[in-house]
Amino acid sequence: YVGKIFKIECIVQFVYSDNLLMCNPGSMIRLNYDGDSCIVNKGDRISVYAEVVGLDTYSTLSGKRTVPELNALIIENRC
C-alpha cells in the first residue's frame with residue numbers, strides 16, 4: 001500500500017510536535033503532519049487525506065509496537 005492515497009477518520013490519542021497517534025477501531029496509526037500550520041488536540045475526531053509511507057516502530061512501557069505510518073495531505077477543518 002506504500003504510496004496509496006486515501007481518506008480515513010480517526011480519534012487522536014497522542015499529539016507530538018509534527019506527528020500524532022490516532023485510533024481507528026482495533027488499531028493505532030501514526031500520522032505525520034505540519035504542526036506549525038495545523039491545530040490538532042488529543043480527543044479530536046479528524047478526517048484526513050493521507051499517503052501511506054510504510055510502518056513505524058516505537059517503544060512503549062510494554063515493549064516495541066509497529067503501526068502504519070501516513071503523511072497527511074489534507075486534514076479537513078484543521079489546516
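Since this is a predicted model, take the numbers as computed values, not measurements. Hydrogens, waters and symmetry mates play no part in the numbers below; they use all other heavy atoms, side chains included. By convention here, the first residue in the shown sequence is residue 1.
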query = In Å, rounded to the nearest 0.5 Å, how long is the span from CZ of R30 to CG of L20?
reply = 9.5 Å
remark   = Tightest non-hydrogen contact, residues C10 and C23, listed as CB-O, 3.4 Å
ask   = Could you give all pairs that pass the side chain to side chain donor-acceptor pair (under 3.5 Å) test and reach residues 1-26, with sequence neighbours left out?
value = none
Y33 OH to M22 CE distance, which is reported to the nearest 0.5 Å = 11.5 Å
query = Do the side chains of V12 and I8 join up, straight or via other hydrophobic residues, at under 4.5 Å, putting them in one cluster?
reply = yes
ask   = For the atom pair CG (D56) and CG (L21), what is the distance rounded to the nearest 0.5 Å?
value = 8.0 Å
task = Identify, with sequence neighbours excluded, every residue that meets side-chain contact (heavy atoms from CB on, under 4.5 Å) alongside T57.
result = K64, T66
task = With sequence neighbours left out, write down each residue that passes side chain to side chain donor-acceptor pair (under 3.5 Å) with S59, or none if nothing qualifies.
result = none
ask   = Applying the side chain to side chain contact (heavy atoms under 4.5 Å, CB included) test to L70, which of V53, V48, V52 qualifies?
value = V52
key: Same cluster (ILVMFWY, side-chain, under 4.5 Å), I29 and F6   = yes
note = Across all chains, not counting sequence neighbours, the side chain to side chain donor-acceptor pair (under 3.5 Å) partners of S27 are none
Side chains of residues 39-47: which donor-acceptor pairs under 3.5 Å do they make with residues two or more places apart or in other chains?
from: D44; atom 1: OD2; to: N41; atom 2: N; distance (Å): 2.8
from: D44; atom 1: OD2; to: R78; atom 2: NH1; distance (Å): 3.3

Shortest non-hydrogen contact between R65 and T60, atoms and distance = CB-CG2, 4.3 Å
From CG (L31) to CG (N71), nearest 0.5 Å = 8.0 Å
query = In the hydrophobic clustering (ILVMFWY, side-chain contacts below 4.5 Å, transitive), which residues join L55, or is it alone?
reply = none
